[in-house]
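Heads up, the thing below is written out as structure tokens.
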2 protein chains.
Amino acid sequence: MPANQEKEQPRRRQARGERRIAQLLEAAAAVFTTTGYTAASTNAIAREAGVSPGTLYQFFPNKEAIAIELGDRLIHEMRETYGEALAPVDPTTPLEEAVGSAVDRFIAFNCEHPVFFALMHGPDIPGRIAEEHDALHATLLSRIEGLLAALLPDVTPADLTRTAHMCLGLYKAGLELVLAHEGAEREAYVQELKNALIRYLDPLVGTRLGRRDTLRTAP
Amino acid sequence: MPANQEKEQPRRRQARGERRIAQLLEAAAAVFTTTGYTAASTNAIAREAGVSPGTLYQFFPNKEAIAIELGDRLIHEMRETYGEALAPVDPTTPLEEAVGSAVDRFIAFNCEHPVFFALMHGPDIPGRIAEEHDALHATLLSRIEGLLAALLPDVTPADLTRTAHMCLGLYKAGLELVLAHEGAEREAYVQELKNALIRYLDPLVGTRLGRRDTLRTAP
DNA sequence: CCAGAATGCGAGCGAACACTCGCGTTTGTC
DNA sequence: GACAAACGCGAGTGTTCGCTCGCATTCTGG
């Protein structure tokens, strides 16, 4: 016989419940963004949402589940909205354009969902979120690697992997600076991030036709 | 009359006490490195040092004081050993050399004291450490800015500040990757970090004599 | 309209943790 | 050797926080 029913049959939710869940996740996002995951107390999240602790636990079995659900939704939305940001690129596309559009998309997402950065880069995140982050990280790396492979045909795989890691790391550093500023200054940092990535990669694609001297203005 | 004695007259310590303090700080460094500041329990630190919680509190008034003392010693050693790493540079020095030696020094320090990274970049650090980190950060930024000012005479102050922030951010990103690898792969990441910084800065100093085409190998 | 399920509450439980206290041991000083 | 101070211990204290429980209220299907 079947040892057990579903591990958890999806509880029948009323519309009210769905609203509460959304409300709680929004509150959790706010609290996580300002205080980080571990420092955020479930009571604080419930208070932020204007409900009692008991109500919170009506919808989430524990604190980790809140972060997981939030992370799931964010990653889902990210994949859906920006999944193609790193799609294989026509090798004739200028490097500036490829880097610029990818950076713009990811920066836009992170600016719209600041909790994403807090959840993914906090040192105190629960195991499950870390797994998701690692999965996303790996996905991004392989995408970048594929993209670079098309641009840099004569580079060893190990160098390719390392370069991809560098690109992601440099992006992350730039993202932090971008999120720390606003308005015109933020835009300036976005541009600097693009510059850093382009200049880092440009010498590697130097053998391609028409790619010389893109960095220097003509004399 | 003097309102009070010294806020705290330095307690008379025996040699044994000094040894215990060093031992406790070493244990704290280990625990902070592996678990971060907030997740590290004072009992765990005491256990790691092989003493009782009461003994720990014989020498430190609270958990924060442990991190502060550790941070103080690290920053002191850093200033002493590597304070000149960013000293003003002869403008004729090749950019590669200036960047290379600065990166080498800071990387070496961080590899020798991995707890430094954990303490300074954790999101959960106590206020006092954050202040020290900010002070160090500001010092580094102004040093970098001064160094860049010598290399890039015709750049506005705002751009200079932004560029300095970018350099520090890029360094931090590279440091993380360097610390995440070992042996030959670590060395390769050090080189990539240098490349990224040099290539980022090189176009800005393009007008200087003899600084053209340092990035590309001759045809 | 009514039984049962879903929702909502908030006092309170248990564990973890920073920190203390009383007392015994070691060390420096005269 | 005696006295005081520094050292060392570990059970204990107060608090915070994740989470529960019993009960009241609101919704939904028949």
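Letters A, B, ... mirror the listed sequences (proteins, then strands); counts begin at 1.
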List in numerical order all residues of residues 15-43 of chain B for which some heavy atom is under 4.0 Å away from an atom belonging to DNA chain D. B:Arg16, B:Gly17, B:Arg20
Gap between atoms CZ and P, on A:Phe60 and D:dC19 respectively (whole Å): 13 Å
Does A:Lys63 qualify as a cation-pi partner of A:Tyr37, given the criterion of NZ or CZ under 6.0 Å from the six-membered ring centre and within 45 degrees of its axis? yes
A:Asn62 CG to D:dC17 P, in whole Å, measures 17 Å
Does a side-chain N or O from B:Arg12 land closer than 4.0 Å to OP1 or OP2 of D:dA4, or not? no
Determine whether a donor-acceptor pair (N or O, by modelled atom type, separation under 3.5 Å) exists between the side chain of A:Ser142 and the backbone of A:Thr139. yes
Does atom CD of B:Glu26 have more than 12 heavy-atom neighbours from other groups under 6.0 Å away? no
Presence of A:Tyr57 side-chain N/O under 4.0 Å of D:dT20 phosphate oxygens OP1/OP2: no
For B:Arg199 and A:Arg199, indicate whether the former's side chain and the latter's backbone hold a donor-acceptor pair under 3.5 Å. no
Assign each of A:Pro53 and A:Gln58 the nucleotide of DNA chain C bearing its closest heavy atom; nearer the 5' end lies the nucleotide of A:Gln58
Rounded distance in Å - CD (A:Glu64) to C1' (D:dC19): 14 Å
If a pair satisfies side-chain hydrogen bond (donor to acceptor under 3.5 Å, both in side chains) and one of its residues is in residues 66-76 of chain A, list it, with sequence neighbours excluded. A:Glu69-A:Arg73
Nearest-nucleotide 5' precedence on DNA chain C, B:Lys63 against A:Phe59: A:Phe59
I want to know whether A:Tyr200 and B:Tyr200 have ring centres closer than 6.0 Å. no
Short side-chain N/O contact to D:dC9 OP1/OP2 from B:Thr55, under 4.0 Å: yes
By nearest atom, which of the nucleotides D:dC7, C:dT7, C:dC19 is closest to the A:Gln14 side chain? C:dT7
